[in-house]
There are 2 protein chains.
Amino acid sequence: MNKLTINDIAKLCGVGKSTVSRVLNNDPKVSEKTKQHVLAVIKQYNFKPSRSARAMRGIENKVIGIIVTRLDSSSENRVLRGILNRLEELGYEHFITESRFDIELVQEHLYSFEQRQIDGIIVFGFSGLGQKILQPYSSKLVAIAQYYPALTSIYYDDQGAIRLLLERLYQENYRHIGYIGIHKQDYTTGYLRYQSYMDFCAAHQLSPNACLGELNYLTGYALTAEILQQPNTDAIVCATDSLAFGVNKFLQEQQRDDIQVCSVGNNPLLKFLFPQNISINFGLFRAGQSAVELLINLLATGQKTHCCIPSNFE
Amino acid sequence: MNKLTINDIAKLCGVGKSTVSRVLNNDPKVSEKTKQHVLAVIKQYNFKPSRSARAMRGIENKVIGIIVTRLDSSSENRVLRGILNRLEELGYEHFITESRFDIELVQEHLYSFEQRQIDGIIVFGFSGLGQKILQPYSSKLVAIAQYYPALTSIYYDDQGAIRLLLERLYQENYRHIGYIGIHKQDYTTGYLRYQSYMDFCAAHQLSPNACLGELNYLTGYALTAEILQQPNTDAIVCATDSLAFGVNKFLQEQQRDDIQVCSVGNNPLLKFLFPQNISINFGLFRAGQSAVELLINLLATGQKTHCCIPSNFE
DNA sequence: TTGTATGCGTTATCAT
DNA sequence: ATGATAACGCATACAA
């Protein structure tokens with residue numbers, strides 16, 4: 001449909017195509033008069049220069065690619081909100097792709113972005129995704145949710161989030177706190193959060209009572225029964241909000257309103273359905289915004305930086 | 001990083017660059033021997049032709065763009081699952097963008113796709129999005145969730161879904177059925193579903209009791225109180241699962257387990273938390289798959305078609 | 001079967 | 001300040 005080229009515009013204006021190009025690129029060496037004329041014609045015919053052709057000449061065009069792991073993850077969606085929010089303010093376009101924790105897919109998408117005049121990349125890290133896969137793109141890539149020493153990366157304070165929850169419970173005199181988390185193969189959500197719980201227990205002479213499983217509400221439901229085998233349990237900390245859905249459901253069915261449930265994520269639906277649940281804000285929205293900041297900075301200065309997002313009860 | 005060009009490969013092989021190009025494009029007019037040699041060198045140096053340059057020569061490359069309205073909509077995510085599922089089978093890449101019900105953003109994204117060597121487009125329609133915006137791209141665009149006469153489109157059976165729910169309730173002898181929906185400015189989820197309820201009531205001599213509001217669980221919660229002002233209400237039909245979250249929550253708090261709740265969407269979390277809720281499968285996953293089918297068919301034959309996805313209790 | 005020349009829509013380097 | 005012209009990396013009609 002848009003078959004107009006810079007040449008057509010040139011003829012339409014009665015000028016050379018180089019002049020049109022100059023106008024397009026804000027070259028100061030063009031008289032105000034012709035500039036306005038060319039601009040008018042461009043607007044009139046709604047002409048847009050071909051990105052492919054521009055790309056061949058090495059022009060950047062304010063587009064960044066985003067590789068998420070799961071489009072239907074509510075936590076990643078929160079981060080995405082932060083990313084898009086900041087991106088929009090800066091006038092950037094975005095393309096989103098899904099990796100589904102598949103390393104090969106990540107590679108395909110990275111290459112695809114590279115080939116499509118994309119200026120920068122934000123990728124959601126996961127436990128299997130090694131640094132060497134991302135390294136070749138390090139000059140324009142920001143990793144999120146995982147720490148990569150040689151890259152620009154944003155990561156969360158997994159240990160701090162659990163610690164904050166535990167400190168609050170401890171302060172409110174809970175002493176028999178169970179923990180429901182996910183398997184340790186997952187380094188951040190699994191291992192780090194579990195370890196934080198164990199450390200806290202050791203430091204405060206609490207006897208630990210932890211169960212680990214998959215990342216979904218069914219697991220939360222099933223593991224609650226196991227945790228309650230410790231009869232004097234008075235609180236349960238969940239690694240994520242999705243687990244907490246299951247835990248709260250189980251407790252509700254058993255009419256156990258004597259047990260305080262805590263979790264990480266600050267999911268609004270969870271808060272609506274189970275208002276008594278204490279959920280900590282993991283800083284996801286802010287993480288998204290920060291990712292954009294760091295990326296823009298990286299593109300401009302080439303400086304690789306890192307940023308750890310703190311959790312809070314807001 | 002990938003600075004190799006077709007010319008470099010040609011020199012490396014000791015052949016002309018046109019020969020390399022021919023190998024790249026599976027041109028049969030090249031001897032098996034040189035073909036293998038060139039292929040080997042290409043593989044050795046991990047050479048990939050520039051998409052920008054290819055695009056300028058009008059090459060298609062198995063990529064489709066998807067414009068969703070909200071990335072955090074669970075129903076759109078279900079459709080997306082169907083789309084990506086089918087796309088992967090067919091070896092297509094995807095780029096996803098969000099419109100947030102903003103017509104200008106849709107236009108930007110459409111243009112952006114056009115400029116980036118994208119073969120086909122799937123766009124999620126919404127009430128404000130007119131046909132004329134999409135028309136220019138009709139040769140490679142499929143609209144979903146809304147009926148557009150002049151385009152290839154996939155839409156849901158809004159009226160059928162509500163009717164199926166009501167028929168089931170009627171058959172089970174419910175006679176005082178309330179309805180909680182969303183405002184009629186939304187043509188499909190709002191108007192059509194509401195109308196279907198009203199029609200059913202008229203046809204079966206039931207006195208209607210409907211409330212309309214925003215599309216979220218808070219609305220469902222708030223409107224339930226109004227519905228219950230009709231004291232003998234024995235069932236409530238919700239236009240969507242998200243409303244049903246609020247409705248069920250309200251009824252649970254009031255310990256009203258004498259009221260049957262129904263909704264459209266088949267959300268797994270809803271089923272887990274409120275197993276007694278009856279939710280109908282709106283065919284979202286299948287809609288996604290069909291969208292891809294229709295798009296591929298459109299690209300191949302140029303034939304515009306339509307498809308209405310039926311709901312079912314699976 | 002293979003190489004040469006030309007064009008795709010830009011930007012950059014020359015002249016003028 | 002402006003216009004002709006040469007690249008950019010690739011595909012293709014044409015020549016060999």
Side-chain angles (χ1 to χ4, degrees), chain A residues 1-42 45-63 111-119, chain B residues 1-42 45-63 111-119:
Chain A
M1 44 165 290
N2 201 357
K3 299 297 291 176
L4 284 179
T5 80
I6 200 173
N7 232 324
D8 301 322
I9 301 297
K11 281 176 196 146
L12 251 26
C13 295
V15 300
K17 62 175 179 175
S18 354
T19 304
V20 179
S21 176
R22 278 189 263 266
V23 171
L24 249 23
N25 297 319
N26 284 318
D27 192 320
K29 293 182 305 189
V30 52
S31 77
E32 192 60 26
K33 184 163 161 275
T34 48
K35 178 174 176 178
Q36 291 308 326
H37 180 51
V38 172
L39 243 29
V41 174
I42 285 177
Y45 288 87
N46 192 29
F47 163 78
K48 306 271 175 92
S50 152
R51 301 227 193 199
S52 300
R54 304 193 98 193
M56 284 189 53
R57 314 292 289 136
I59 299 292
E60 296 216 338
N61 39 154
K62 301 193 84 162
V63 188
Y111 178 71
S112 178
F113 282 152
E114 169 96 23
Q115 286 270 302
R116 281 168 206 289
Q117 324 107 334
I118 261 123
D119 306 325
Chain B
M1 40 171 294
N2 202 357
K3 297 298 291 177
L4 285 179
T5 82
I6 199 174
N7 230 324
D8 301 323
I9 301 296
K11 281 178 195 146
L12 250 25
C13 295
V15 302
K17 63 175 182 175
S18 16
T19 303
V20 178
S21 176
R22 277 190 262 268
V23 172
L24 250 23
N25 296 315
N26 284 319
D27 191 320
K29 293 180 305 186
V30 51
S31 77
E32 191 60 28
K33 184 161 160 277
T34 48
K35 179 173 177 177
Q36 290 310 324
H37 181 51
V38 171
L39 243 29
V41 174
I42 285 178
Y45 289 87
N46 192 31
F47 164 77
K48 305 273 175 88
S50 151
R51 300 224 193 197
S52 301
R54 305 193 97 199
M56 286 189 53
R57 314 295 286 118
I59 298 295
E60 297 216 336
N61 42 139
K62 300 192 85 160
V63 188
Y111 178 72
S112 178
F113 282 152
E114 170 96 22
Q115 286 270 299
R116 280 167 207 289
Q117 323 108 336
I118 262 123
D119 306 325

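Everything numeric here is computed off the predicted structure, so don't read it as measured data. Each chain gets a letter, A, B and so on, in the order the sequences are listed, and its residues count up from 1.
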(request) Output, in order, the C-alpha distance, side-chain angles, deciding distance and verdict of side-chain contact (heavy atoms from CB on, under 4.5 Å) for A/V15 and A/H37. (result) CA-CA 10 Å; A/V15 300; A/H37 180 51; 5.6 Å; no

What does the list of N/O pairs under 3.5 Å between the protein and nucleotides 4-6 of chain D look like, with a distance for each?
residue : atom : partner : partner atom : Å
D/dA4   : N7   : A/S18   : OG           : 3.2
D/dA4   : N6   : A/S18   : OG           : 3.0

(request) Look at the side-chain N and O atoms of B/S31 and state whether any lies under 4.0 Å from the OP1 or OP2 oxygen of C/dT1. (result) no

(request) Measure the CD1-NZ distance between B/I9 and B/K11 for me, rounded to the nearest 0.5 Å. (result) 11.0 Å

(request) Return the nearest nucleotide to the side chain of A/K29; candidates are D/dT2, D/dT12, C/dT10. (result) D/dT2

(message) Less than 4.5 Å apart, side chain to side chain, heavy atoms only: is that true for B/V63 and B/R51?
(response) yes

(request) With axes from five pairs an end, tell me the bend angle of the helix from C/dT1-D/dA16 to C/dT16-D/dA1, nearest 10°. (result) 50°

(message) On a heavy-atom basis, which atom in A/A55 and which in B/S52 lie closest, and how many Å separate them?
(response) CB-OG, 3.5 Å

(message) Which nucleotide wins on minimum distance to the side chain of A/T5, given the candidates D/dA11, D/dG9, C/dG9?
(response) C/dG9

(request) Kindly say whether A/K29 contributes a backbone atom to a donor-acceptor pair with the side chain of A/D27 at under 3.5 angstrom? (result) yes

(message) Classify B/N25 by what it touches in the nucleic acid, base, sugar-phosphate, or nothing, heavy-atom distance under 4.0 Å.
(response) sugar-phosphate

(request) Return the nearest nucleotide to the side chain of B/S21; candidates are D/dA11, C/dC8, D/dC10. (result) D/dA11

(request) Grab the CG-P distance between B/D27 and C/dG3 for me, whole Å please. (result) 13 Å

(message) From CE of B/M56 over to P of D/dA11, roughly how many Å is that when rounded to an integer?
(response) 12 Å

(request) Can you see which heavy atom on A/Q115 is nearest to which on B/K48, and at what distance? (result) NE2-O, 4.4 Å

(request) Find the distance A/K35:NZ to D/dA1:C1' and express it as a whole number of Å. (result) 13 Å

(request) Can you figure out which of D/dC10, D/dT2, C/dT11 approaches the side chain of A/R54 most closely? (result) C/dT11

(message) If we check side chain to side chain contact (heavy atoms under 4.5 Å, CB included) with A/L12, which of these qualifies: A/V41, A/N7, A/V38?
(response) A/V41

(request) Can you sort out the partners of A/L24 under side-chain contact (heavy atoms from CB on, under 4.5 Å), two or more places apart, ordered by chain and number? (result) A/I6, A/V20, A/I42, A/F47, A/P49

(request) Between B/E32 and B/A53, just flag the one whose closest nucleotide in DNA chain C comes earlier from the 5' side. (result) B/E32

(request) Rounded to the nearest angstrom, tell me the gap between atom CD1 in B/I59 and atom P in D/dA11. (result) 6 Å

(message) Using a heavy-atom cut-off of 4.0 Å across all strands, would you classify B/S52 as base, sugar-phosphate, or nothing?
(response) nothing

(request) Find the distance A/R51:CZ to C/dT11:P and express it as a whole number of Å. (result) 12 Å

(message) Could you tell me how far apart A/D8 (CG) and C/dG7 (P) are, to the nearest whole angstrom?
(response) 16 Å

(request) To the nearest 0.5 Å, tell me how far B/L39 CG sits from B/C13 SG. (result) 9.5 Å

(request) Locate the shortest heavy-atom distance separating B/K35 from B/V23; write the atom from each residue and the value. (result) CA-CG2, 4.1 Å

(message) If I take atom CD1 in residue A/I42 and atom C1' in nucleotide C/dG9, what distance separates them, rounded to the nearest angstrom?
(response) 14 Å

(request) For A/K11 and C/dG9, give me the distance from atom NZ to atom C1', rounded to whole Å. (result) 12 Å

